[in-house]
Amino acid sequence: MKVMEVKDYQEMSHAAGKYIIDKVKAKPNITLGLATGGTPEGTYEYIINDYQENGTSYRKVTTFNLDEYIGLKESHPNGYRHYMDTKLFNHININISNTNIPNGDIQHFKEECLRYEQLIEAHGGIDLQILGIGSNGHIGFNEPGTKFGTKTHVVKLTDATREANARYFQKFEEVPEYAVTMGISSIMQSKEILLLVSGETKIEAMKQLLGGEVSESFPASILQLHPNVTIIADEKSLIEAKVPS
Ligand code: GLP
């Protein structure tokens, strides 16, 4: 894992935005894996600004999002389809039909998980997967204890994750209890991974990611075994971690 240490959230967002834009320019039909949450918002803003100023084209890009809550309507303001449309897709020239997000508003989840996994495969896999990290080490919505071999599946969210995400809802009880997420194995099959980390709520997670063992009790630790991971992390998040030289 390569670690790029940056000053703060803004520098992380700029470095990540630039990283992604360079990859899109090098391969205009790239397949990107995208994340939600607070962490990538600044990166998406950077990409939009670049699009407006320099016209980088996303016409041939395909995207797959990591996860989606179960039980929210597609148009729900806290659903990840709404997040992606409003924070990125509506502001660049991507073809919306090339943007994929697991459907959390259906009855037959087994079929949906299979469909999503097969769709990724049919596109030849993900070239560059953007990831955030939960303070308990979750990636996507793969909570501690998730088997490393999992493909896209349904998860029960931990209270810690629901509490962390409650800031987007009126109250804790409104945060869905379940979600669909790409599995650990689906994520590990990406050709390249870019992990973005910022802020003091991630100090413990970074300490464990860079210094701890590979264990299913800390899902992100599996990234140590991936051949092409870049971490862009700010000073605050790295304060207690030993950054490999
Ligand atoms: C959320 C998302 C993850 C995200 C993580 C961190 O629950 N499912 O994809 O990376 O938690 O979120 P944030 O960036 O807001 O800290």
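In this chain, residues are counted from 1 in sequence order. Whatever order the structure lists them in is the order used to number ligands and atoms, beginning at 1.
Hydrophobic cluster membership for I70: I106, F109, V154, Y178, V180 (Ile, Leu, Val, Met, Phe, Trp, Tyr linked by side-chain heavy atoms under 4.5 Å, directly or transitively).
Here the two rings, on H76 and Y69, have centers that are 6.0 Å apart or farther.
Listed by first then second residue, pairs satisfying side chain to side chain donor-acceptor pair (under 3.5 Å) with a partner in residues 24-34 read K27-D127, not counting sequence neighbours.
The side-chain hydrogen bond (donor to acceptor under 3.5 Å, both in side chains) test applied to Y58 returns no partner, not counting sequence neighbours.
Taking the six-membered ring for Trp and thresholds of 30 and 60 degrees, Y80 and Y83 have ring planes more than 60 degrees apart, a perpendicular arrangement.
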Could you go through ligand 1 and note, for every N or O atom, any protein N or O atom closer than 3.5 angstrom, writing the atom names and distance to 0.1 Å, or 'none'?
from: ligand 1; atom 1: 7 (O); to: H138; atom 2: NE2; distance (Å): 3.3
from: ligand 1; atom 1: 7 (O); to: N165; atom 2: ND2; distance (Å): 3.0
from: ligand 1; atom 1: 8 (N); to: D67; atom 2: OD2; distance (Å): 2.9
from: ligand 1; atom 1: 8 (N); to: G140; atom 2: O; distance (Å): 3.3
from: ligand 1; atom 1: 11 (O); to: H138; atom 2: NE2; distance (Å): 3.0
from: ligand 1; atom 1: 14 (O); to: G38; atom 2: N; distance (Å): 3.3
from: ligand 1; atom 1: 14 (O); to: T39; atom 2: N; distance (Å): 2.9
from: ligand 1; atom 1: 14 (O); to: T39; atom 2: OG1; distance (Å): 2.4
from: ligand 1; atom 1: 15 (O); to: G38; atom 2: N; distance (Å): 2.8
from: ligand 1; atom 1: 15 (O); to: R167; atom 2: NH2; distance (Å): 2.8
from: ligand 1; atom 1: 16 (O); to: K202; atom 2: NZ; distance (Å): 2.7

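For the 3.5 Å distance criterion, the side chains of E143 and T161 qualify, holding a donor opposite an acceptor.
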